[in-house]
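Accompanying notes for the structure given below.
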Amino acid sequence: MVGIISSGFHGRRQSGNPALPPGQYETGSFPVLTAGPAPRIPTDDWEFFITTEAGQRHAWSWAAFMALPQMDIETDIHCVTSWSKLGTRWRGVSLDSLFENVETNCRFTMAHSYGGYTTNVALADLLGGRAWVAWEFDGEPLERAHGGPARLLVPHLYFWKSAKWINGIELTQDDVPGFWESNGYHLHGDPWREERYS
């Protein structure tokens, strides 16, 4: 798989900024915490899927995805390595739109990326206007280094949950750890609760 290697958590920092979760500091840059080559996914080959416990598969080509209602999102993002970037601007499709015709009794999901990365996210964290598949950042197509052509955006959780190069979401009955969660990261990842490690 493509390596998704973090530079690590550098310890707790204090901030008087109420927009920053505990232990976070603000950065004006957009660090890339990835080692190894980023997958190159032409939009002609790109697909996003959702699979259910009943074996149903919903899939969108890039053209079908772009035909869905698009949303502009302004949000803060928080990396487990302790940087936060405030007021970021994105454009993408709400997971509420993508799940509109999906029937499931599952409470959990596994996000799958091109390159093999996985991360588990509770379904409740993807719905209700809380998550998107984003393809534009700061008015420009999302750079490959940041997950382009499209990445998951779940900004209320640590940013490792916002899987780069998103390929699809598998609905699961159980909360199964993904890549980082299997290596000691927290199953949920709420920055306001400092859910960094399990």
Side-chain angles (χ1 to χ4, degrees), residues 1-13 15 17 19-43 45-46 48 62 65 72-93 95 110-121 125-126 130-169 177-186 188-191 194-197:
M1 66 170 286
V2 171
I4 313 290
I5 306 300
S6 163
S7 61
F9 174 49
H10 298 296
R12 186 182 182 88
R13 304 186 189 193
S15 167
N17 188 341
L20 293 175
Q24 297 292 116
Y25 72 94
E26 183 178 2
T27 180
S29 63
F30 195 168
V32 177
L33 303 178
T34 305
R40 186 181 299 277
I41 309 125
T43 53
D45 299 333
W46 185 88
F48 180 80
W62 186 259
F65 170 75
D72 293 316
I73 308 112
E74 183 167 341
T75 188
D76 304 335
I77 55 176
H78 310 289
C79 180
V80 69
T81 60
S82 75
W83 61 261
S84 291
K85 188 171 178 61
L86 307 182
T88 60
R89 296 185 302 119
W90 307 79
R91 186 168 177 79
V93 174
L95 267 293
M110 183 68 76
H112 294 266
S113 295
Y114 288 96
Y117 178 75
T118 57
T119 188
N120 58 299
V121 186
D125 282 313
L126 295 180
R130 309 178 83 191
W132 299 265
V133 174
W135 58 271
E136 185 179 285
F137 173 75
D138 212 14
E140 300 290 338
L142 185 61
E143 294 180 9
R144 188 158 59 102
H146 289 300
R151 72 181 298 161
L152 193 61
L153 178 63
V154 193
H156 65 284
L157 300 179
Y158 281 124
F159 215 41
W160 90 80
K161 297 290 188 179
S162 296
K164 296 179 179 178
W165 312 296
I166 189 68
N167 183 199
I169 291 176
F179 176 74
W180 278 121
E181 297 83 6
S182 296
N183 286 280
Y185 277 26
H186 199 279
H188 185 222
D190 184 340
E194 286 199 271
E195 294 175 340
R196 301 179 192 272
Y197 305 111

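The figures here come from the full heavy-atom set of this structure, side chains too, leaving out hydrogens, waters and symmetry mates.
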Inset, instruction - Return yes when atom CD of Glu143 has more than 12 non-hydrogen atoms of other residues, nucleotides or ligands closer than 6.0 Å, and no otherwise. - result: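 Check fails, neighbour count at 12 or below.
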Using atom types as modelled and distance alone, determine if a side-chain donor or acceptor of [X] lies under 3.5 Å from a backbone N or O of [Y].
X	Y	answer
Thr118	Phe179	yes
Glu195	Asp190	yes
Ser113	Lys164	yes
Arg151	Val133	no
Asp76	Gly87	yes
Arg130	His156	no

Inset, instruction - Take the angle between the ring planes of Phe159 and Phe30 and call it parallel below 30°, perpendicular above 60°, tilted in between. - result: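 Geometry flag for Phe30 against Phe159: tilted rings.
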Inset, instruction - Consider only side-chain N and O atoms of Asn120 and His188, and report whether a donor and an acceptor are under 3.5 Å apart. - result: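 No, because no side-chain N or O of Asn120 sits under 3.5 Å from a partner of the opposite role on His188.
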Taking all non-hydrogen atoms of both residues into account, name the closest pair between [X] and [Y] and its distance.
X	Y	result
Thr119	Ala163	CG2-CB, 4.2 Å
Pro21	Ala19	CD-O, 3.6 Å
Gly92	Ile73	N-CD1, 3.9 Å
Pro149	Thr43	CB-CG2, 4.0 Å

Inset, instruction - Could you tell me if the ring centre of Trp46 sits under 6.0 Å from that of Phe65? - result: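 Judged by ring-centre distance (under 6.0 Å), Trp46 and Phe65 do meet the cut-off.
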Legend entry - Trp165 ring center near Tyr114 ring center (under 6.0 Å):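 No, they do not, as the ring centres are separated by 6.0 Å or more.
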Legend entry - Any Thr27 side-chain heavy atom under 4.5 Å of Tyr25 side chain: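 A side-chain contact exists here, since the closest heavy-atom pair is under 4.5 Å.
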Inset, instruction - Identify whether the distance between the nearest side-chain nitrogen and carboxylate oxygen of Asp72 and Arg89 falls below 4.0 Å. - result: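 Answer for the salt bridge query: no.
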Inset, instruction - Take Lys161 and Glu181, measure what salt bridge (charged side-chain N to carboxylate O under 4.0 Å, His left out) needs, and give me the verdict at the end. - result: CA-CA 10 Å; Lys161 297 290 188 179; Glu181 297 83 6; 2.6 Å; yes
Legend entry - Value rounded to 0.5 Å, distance of CD1 in Ile41 from CD1 in Ile166: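 These two atoms lie 10.5 Å from each other.
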Inset, instruction - Go through the steps for Glu74 and Trp90 under the test side-chain hydrogen bond (donor to acceptor under 3.5 Å, both in side chains), then give the verdict. - result: CA-CA 6 Å; Glu74 183 167 341; Trp90 307 79; over 6 Å; no
Inset, instruction - Might you work through the side chain to side chain contact (heavy atoms under 4.5 Å, CB included) test for Glu26 and Leu20, ending with a clear yes or no? - result: CA-CA 7 Å; Glu26 183 178 2; Leu20 293 175; 4.2 Å; yes
Inset, instruction - Check step by step if side chain to side chain contact (heavy atoms under 4.5 Å, CB included) holds for Leu86 and Asn17. - result: CA-CA 11 Å; Leu86 307 182; Asn17 188 341; 3.7 Å; yes
